[in-house]
Trainee: 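Here it is, the structure in full.
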Amino acid sequence: MDSLPKGIKGIIGPSILSADLSKLTDESRRLLDAGADYLHLDVMDGHFVPNLTIGHPVIKCLRKNIPKVYFDAHMMVAKPEQWIEEMAGAGVNQYTFHIESTTKESMPEIIRKIKEADMKVGLGIKPKTDISVVEEYINDIDVVLIMTVEPGFGGQKFMGDMMEKIRWLRKTYPQLLHIEVDGGVSTKTIDDCAQAGANMIVSGSALIDSKQPDKDIEQMRNLIDENLKSKKLHLQITNNEHCSH
Ligand code: DX5
Ligand code: ZN
């Protein structure tokens, strides 16, 4: 896909953090060929989190090789306002930054700049952050990213107690937005995410290491869609239509 679905549906975005990053294009293509809907690109600056990964120069190169796929840049950086134009220029579709990385005063401007750069706005919250902080931005953003590990590294253990945040968000704001879950998500933990009402699924090491990523992706997406249907949310807004980007 090259844009977010207008209605709520299950979409699966592999995180390439745990892949062989020297083969970024090949690894990305492998997972897209296996049925992945979008790519979740983890950007770390060594300040907001104690790790370094890739930045906009690498994403720009990846974009040249993979022209039409939706890129979600997960910005684990200390100054989210600093990279908006660069990421847009590199071909990023969704700029997902952390509420903990900025001040309340800076939030409106960051959101405005992301929109002006023609990207979707994702707002990430770390495990220890209360979900209520997103409420005042809920009408201005496209995606809430619920972290189910402390950001910084792939391959950590899924925090099931974060599901309460998703449940609350979906119940309080049904149909309003995309809820993304990130950290330790696999075919073993997907059920919890589905039941809670998440629809954008990031899965890193589980998909990278899987011998059958195609089956795993399908299984995850089906479970999410079944649960959304049971909540009467699945694609209610439009019928599988995609918004233009
Ligand atoms: C963690 C990253 C995640 C992570 C997901 O800081 O934001 O995207 O790479 O990888 P797994 O699924 O291995 O936890
Ligand atoms: Zn991530």
Side-chain angles (χ1 to χ4, degrees), residues 10-21 24 27-28 30-31 34 36-56 58-59 62 69-78 80 83 87 92-101 119-129 142-163 165-166 178-194 198-213 216-217 219-221 223-224:
I11 49 176
I12 313 296
S15 153
I16 40 71
L17 186 59
S18 306
D20 180 342
L21 289 174
L24 191 51
E27 283 292 273
S28 302
R30 182 172 71 83
L31 290 157
D37 299 289
Y38 70 103
L39 290 179
H40 177 88
L41 304 167
D42 288 303
V43 176
M44 304 186 190
D45 68 348
H47 292 286
F48 182 68
V49 289
N51 200 2
L52 281 173
T53 53
I54 58 169
H56 56 92
V58 174
I59 295 178
L62 184 66
V69 171
Y70 190 83
F71 281 4
D72 165 29
H74 181 189
M75 303 300 295
M76 288 163 275
V77 299
W83 309 110
M87 285 294 163
V92 163
N93 303 94
Q94 176 178 320
Y95 193 91
T96 305
F97 69 102
H98 273 268
I99 197 159
E100 302 88 355
S101 66
M119 295 184 289
K120 297 292 179 195
V121 183
L123 189 59
I125 67 164
K126 297 208 286 184
K128 291 193 184 100
T129 305
D142 302 286
V143 176
V144 175
L145 168 69
I146 305 291
M147 291 303 300
T148 40
V149 296
E150 282 298 334
F153 300 91
Q156 302 181 75
K157 191 171 177 289
F158 178 79
M159 298 176 171
D161 49 344
M162 294 300 117
M163 295 305 98
K165 293 182 182 177
I166 299 176
H178 299 278
I179 303 177
E180 188 173 30
V181 61
D182 181 14
V185 180
S186 68
T187 49
K188 292 192 183 79
T189 53
I190 190 71
D191 213 17
D192 286 4
C193 306
N199 72 299
M200 283 180 81
I201 306 302
V202 177
S203 178
S205 46
L207 283 179
I208 299 286
D209 298 340
S210 173
K211 291 198 175 71
Q212 43 167 34
D216 293 353
I217 288 171
Q219 184 188 331
M220 289 190 195
R221 195 168 37 224
L223 248 163
I224 296 291

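Counting starts at 1 for both ligands and their atoms, following the listed order.
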Trainee: Taking side chain to side chain contact (heavy atoms under 4.5 Å, CB included) as the test, write out the residues that go with V49, two or more places apart.
Mentor: M44, M76, P151

Trainee: With a 4.5 Å cut-off on side-chain heavy atoms, are V43 and I59 touching?
Mentor: yes

Trainee: Suppose I only count heavy atoms of M44 and a 4.0 Å limit; which atoms of ligand 1 are within that range?
Mentor: 6 (O)

Trainee: Run the numbers for me: atoms of ligand 1, each under 4.0 Å from some heavy atom of G204, listed by number.
Mentor: 10 (O), 11 (P), 12 (O), 13 (O)

Trainee: Which atoms of ligand 1 are found less than 4.0 Å from any heavy atom of P151?
Mentor: 6 (O)

Trainee: Determine which pairs satisfy side-chain hydrogen bond (donor to acceptor under 3.5 Å, both in side chains) with at least one residue from residues 146-162, sequence neighbours left out, and list them in order.
Mentor: none

Trainee: With a cut-off of 4.0 Å, which atoms of ligand 1 are near a heavy atom of H40?
Mentor: 8 (O)

Trainee: Determine yes or no for a side-chain-to-main-chain donor-acceptor pair under 3.5 angstrom, with D20 supplying the side chain and E27 the backbone.
Mentor: no

Trainee: Nearest to atom 2 (C) of ligand 1, what protein heavy atom do you find, and at what distance?
Mentor: D42 OD1, 3.5 Å

Trainee: Answer whether the closest heavy-atom distance between the side chains of E100 and I125 falls below 4.5 Å.
Mentor: yes

Trainee: On a heavy-atom basis, which atom in I224 and which in A198 lie closest, and how many Å separate them?
Mentor: CG2-O, 3.4 Å

Trainee: Distance to 0.1 Å, residue and atom name: give those for the protein heavy atom nearest to atom 1 (C) of ligand 1.
Mentor: F153 O, 3.5 Å

Trainee: Does A206 have a non-hydrogen atom less than 4.0 Å from ligand 1?
Mentor: no

Trainee: Can a side-chain donor-acceptor contact be found between D216 and S210 if the only test is distance below 3.5 angstrom?
Mentor: yes

Trainee: Name whichever N, O or S atom of D182 ends up nearest to the Zn ion (ligand 2).
Mentor: OD2

Trainee: In terms of atom number and element, which parts of ligand 1 are under 4.0 angstrom from non-hydrogen atoms of G154?
Mentor: 9 (O), 10 (O), 13 (O)

Trainee: Do M76 and ligand 1 have an N or O pair less than 3.5 Å apart?
Mentor: no

Trainee: Which atoms of ligand 1 have any heavy atom of H74 under 4.0 Å away?
Mentor: 7 (O)

Trainee: Step by step, would you call L62 with F71 a side chain to side chain contact (heavy atoms under 4.5 Å, CB included)?
Mentor: CA-CA 10 Å; L62 184 66; F71 281 4; 4.0 Å; yes

Trainee: For G184 and ligand 1, does the shortest N/O to N/O distance drop below 3.5 Å?
Mentor: yes

Trainee: What protein heavy atom sits nearest atom 13 (O) of ligand 1, and how far off is it?
Mentor: S205 OG, 2.5 Å

Trainee: For atom 8 (O) of ligand 1, what's the nearest protein heavy-atom neighbour? Residue, atom name and distance, please.
Mentor: D182 OD1, 2.7 Å

Trainee: Between K165 and P127, is there a donor-acceptor pair closer than 3.5 Å when you use the side chain of the first and the backbone of the second?
Mentor: yes

Trainee: When you measure from atom 6 (O) of ligand 1 to each heavy atom in G152, S15, G13, which option holds the nearest one?
Mentor: G152

Trainee: May I ask you to list the atoms of ligand 1 that are less than 4.0 angstrom from any heavy atom of G155?
Mentor: 11 (P), 13 (O), 14 (O)

Trainee: Could you tell me whether a side-chain N or O of N199 sits under 3.5 Å from a main-chain N or O of I179, the two making a donor and an acceptor?
Mentor: yes

Trainee: Taking the inter-plane angle between the rings of Y70 and Y38 on a 0 to 90° scale, is it parallel (under 30°), tilted (30 to 60°) or perpendicular (over 60°)?
Mentor: perpendicular

Trainee: Could you pull out the atom name of the N/O/S atom in D42 that is nearest the Zn ion (ligand 2)?
Mentor: OD1

Trainee: Does D37 reach the main-chain N or O of G13 with its side chain, forming a donor-acceptor pair under 3.5 Å?
Mentor: no

Trainee: Hey, which N, O or S atom on H74 ends up closest to the Zn ion (ligand 2)?
Mentor: ND1

Trainee: Atoms of ligand 1 less than 4.0 Å from G183 heavy atoms?
Mentor: 14 (O)

